[in-house]
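Working notes, beginning with the structure itself.
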Amino acid sequence: MYIKKEVVAMLLAGGQGSRLYALTKDMAKPAVPFGGKYRLIDFPLSNCTNSGIDTVGVLTQYQPLVLNDYIGNGQPWDLDKMNGGVHVLPPYESNSGASWYEGTANAIYQNISFIERYDPEYVVVLGGDHIYKMDYAKMVDYHKKMKADLTIAVIDVPRSEATRMGIMICDEEMRVRDFEEKPAEPKSTLASMGIYVFTWSKLRKYLIENEQANTGSKDFGKDIIPAMLANGERLFAYTFEGYWKDVGTLDSLWDANMDLLAPAMPLDLYDKDWRIYSRHNNRPPQYIGETAEIENAMITEGSVINGRVDFSVIFGGVTIEEGAVVRYSIVMPGSVIKKGAVVEYAIVGEDCVIGENAHIGASPEVYHEMNREWSIAVTGHRITVSAGQAVLPKQILSESI
Amino acid sequence: MGTKQNVLGLVFASIHDEAVYDLTKLRTMGSVPFGGRYRLIDFPLSNFVNSGLAQVGVITKRNYGSLLEHLGSGREWDLARKKGGLHLLPPYSHTSSNMYHGRLDALGNVWSFVEHSSAEYVILADCDIVTNIDLRPAIEAHIESGADITAVYAKGYYDQLTGAAATIFGIGGDGFVNDVMIDPPMTGSCNLGLDMYIMSKDFLRRIVKESMSRNRTSLRKDILLDRGASYRILAYEHTGYYSRIDSLASYFAANLDLLDTEKRTALFTKNAPIFTKTQDNAPVRFGQESHIKNSLIADGCVIEGKVENCVLFRGVRIGKGSVVRDSVITQDTVIGARCSIRNVITDKNVAIADERQLTGSAGYPLFIGKGAQI
């Protein structure tokens, strides 16, 4: 017997995250490390638990090993519940055959029976690739108040960015009248955050119809939302104010980490009333040595720093040897930066070894003076860069050199 | 090797409370904060768990609120188990149990728990020793030797002026104890007992029952010292790093010892981690004018000032222009701007206003009690 839940959350975590290249070669995007001691999925999972949503289905498909291992029984997020809790939902074989999740809507469709067990009134659909703190309960309240069938969280973006996003065109009471995907001439600056609250009975109906129509895409943005709009359902936009950042690309992932170092960072990770939870490794506190020079950095447990760290985010268990320099960079868990190595404007993946006097990345000023195209340098996970080797800006290393 | 299903671990969480009175006024020895993110009981508990023990009892006396909160179900030590796991044993928890004075009457109080465990052997440990020890070879040595008691010791230096309540063993060529002294009037190198004992449950039952019938309460005084000659006591040497917390000065020194890379890496190893309750703190944030040298820093700290030779616990804040040196700053202490702090221990939740100057001396740190506002 399952006890009824008013709200069930479904977290879409199956995407490959191909624009993160080497970083998602062997792990799903929501498992990518972020902010020193987190992985991307910690943000939606912590938001769920802080919002009082204790039943979460995590839809996995691409490279799920790291993610499954990380979620485990959900205890770090307080989601190890007798009734509800976090459930990892991979694609499965049924008597009608086996199929992968074909699109976001199809992934939920294939798990209708999971949702039905809890007989919910509302289903919250979330992604696993954004950094933000949000009280979903307030959005559900808004959804109820507006007697909506679907509420879409939106954020006001600069017009220049609106051309890259899904844009909601609303009337004065915030009812969604139209929807445009990446418009060249945006009619509004309210961008969808990919966070939906559905009235479950409606969503169920549209999922089944979409499946039968077999559009080929089976996607929320391409199929479900347009169909609901066309049928005159009550779609409302819920305006979110606060920090929200897409981390779907290498540049945006690097940017979002650098944001954490800004003096007036709007995302407060130190707020005890809205903690971001993560799975721990029982590492001792970090040790900062005699020869270390640290300024404006975020560093976490298990790291040993004897080199210079400036404007960087250093994850757990990282070693930075004497004479090494890390600036404007992200160094993911377990990596070692050897003596004399320089890592600048770069992302170093998990468990990498950057050899003595190796040089990763370069500052944009140097490249702009040379009139060369610049971007951050990236090494994937478990990569060794031999002593004295260089990884240039824009280079994405997925094999050791 | 592997698991030791037949061994019960018992931790005495309160037995050295008087040694660091300042820190145990409001808590047990076991819940004294240590090493940035730990409490002293984490060391014996982790040693038990890493040695494969699956059943552990924690014997407390008073002020055990913070200890119970820390231990919870024992999940962090992987001791929230259906079979065995963690058992909290405060006084008066059983119909016949009372307030106790020594290890023997404490054991008498909880004997029904010990009796009903499936264990054949029992290991006793206290919370005043900070070390990382694999007890499996000691258990095996105990079984192989046929000893009545195996006492774990380490070669160390005893100073009669500063050392408190030390047990010192004379050891014969056969590895068995031939002399026992407690707090002898001497200074020098010796075999210092670490108050870890291994016995069979049958032997322990015998000495506990006999002692209770004669109102003897102390394992060290009534058994080891007075009757040591009638038992076979095997000495098992622990050669790894350890420190003993028997005064505020040694507490201070043991914390600062962790700045020594050799000692720190001996205590915190990859394959035998020290487990503790997690707090989900964010990483440490170092500000633009921060300046850090030779310090151990736990998560949740926000540092804007200068820190040298310090252990900073979780959630400590240090304001701009402050200089903190040679100090142990425990959880959630907030130090304002432009302060100067040296040779200080702050207990939890201390708040130090801007421009304060606090200085202790190296051998005698200035202690600031829990929640003080300065």
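Atoms considered below: every heavy atom in the structure, side chains included; atoms not considered: hydrogens, waters and symmetry mates. Model, not experiment: these values are computed from the prediction. To find a chain, count down the sequence lines: A is the first, B the second, and so on, and within it residues start at 1.
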* **Ile314(A) versus chain B, the contacting section by heavy-atom distance below 4.5 Å** => neither
* To do: May I ask you to establish whether Arg264(B) and Tyr287(A) are in a cation-pi arrangement, using a distance under 6.0 Å from NZ or CZ to the six-membered ring centre and at most 45° from the ring axis?
  => yes
* Any pair counted as side chain to side chain donor-acceptor pair (under 3.5 Å), so long as it reaches residues 309-336 of chain A, sequence neighbours left out -> Arg327(A)-Glu344(A)
* Look at Cys301(B), Ala298(B), Gly36(B) and state which one has the largest set of heavy-atom pairs under 4.5 Å with chain A. => Ala298(B)
* Asked: Can you name the closest pair of heavy atoms from Lys37(A) and Ala282(B) and give their distance?
  -> CD-C, 4.1 Å
List the atom pairs, donor and acceptor, that lie under 3.5 Å between side-chain atoms in residues 312-320 of chain B and the rest of the protein, sequence neighbours left out.
unit_1    : atom_1 : unit_2    : atom_2 : d
Arg314(B) : NE     : Gln279(B) : OE1    : 3.2
Arg314(B) : NH1    : Lys277(B) : O      : 3.1
Arg314(B) : NH2    : Arg37(B)  : O      : 3.3
Arg314(B) : NH2    : Lys277(B) : O      : 3.3

* Do Asn282(A) and Lys270(B) come within less than 4.5 Å of each other through their side chains, counting heavy atoms only? -> no
* Take atom NZ of Lys338(A) as the centre, draw a 6.0 Å sphere, and report whether it contains more than 12 heavy atoms from other residues, nucleotides or ligands. => no
* **Interface moiety of Leu259(B) toward chain A, non-hydrogen atoms closer than 4.5 Å** => both
* To do: Would you mind telling me which of Leu258(B), Ile292(B), Ile297(B) has the largest number of heavy-atom pairs within less than 4.5 Å of chain A?
  => Ile297(B)
* **Region of Phe268(B) that comes under 4.5 Å of a non-hydrogen atom in chain A** => side chain
* To do: Using a cut-off of under 4.5 Å on heavy-atom pairs, state which of Ile274(B), Asn281(B), Thr276(B) scores highest against chain A.
  => Asn281(B)
* To do: Name the option with the most non-hydrogen atom pairs under 4.5 Å to chain B; the candidates are Pro284(A), Ser278(A), Gly36(A), Pro263(A).
  => Pro284(A)
* Examine whether an atom of Val307(B) lies under 4.5 Å from a heavy atom of chain A, and if so say whether it belongs to the side chain, the backbone or both; otherwise answer neither. => neither
* Identify the two heavy atoms, one from Tyr270(A) and one from Val284(B), that lie closest to each other, and give their separation to 0.1 Å. => OH-C, 3.9 Å
* To do: Check the surroundings of atom NZ in Lys339(A): do more than 12 heavy atoms from other residues, nucleotides or ligands lie under 6.0 Å from it?
  => no
* Side chain Lys293(B), main chain Ala292(A), donor-acceptor under 3.5 Å -> yes
* Could you tell me which of Glu301(A), Glu295(A), Met298(A) has the largest number of non-hydrogen atom pairs under 4.5 Å with chain B? => Glu301(A)
* To do: Report, as yes or no, whether the 6.0 Å neighbourhood of atom CG on Asp78(A) holds more than 12 heavy atoms from other residues, nucleotides or ligands.
  => no
* Is any side-chain heavy atom of Asp280(B) closer than 4.5 Å to a side-chain heavy atom of His280(A)? -> yes
* Tell me, side chain or backbone of Tyr38(A) under 4.5 Å from chain B's heavy atoms, or both, or neither? -> side chain
* Indicate yes or no: at least one non-hydrogen side-chain atom of Arg285(B) is less than 4.5 angstrom from one of Asn296(A). => yes
* **chain A contact via Thr261(B) - which portion, at a heavy-atom distance below 4.5 Å** => side chain
* **SB check Lys272(A) Asp332(B) (cutoff 4.0 Å)** => yes
* Residue selection (most heavy-atom pairs with chain B, distance under 4.5 Å) from Thr300(A), Leu269(A), Ile288(A) -> Ile288(A)
* Of all heavy-atom pairs between Pro285(A) and Tyr38(B), which one has the smallest distance, and what is that distance? -> CD-CE1, 3.9 Å
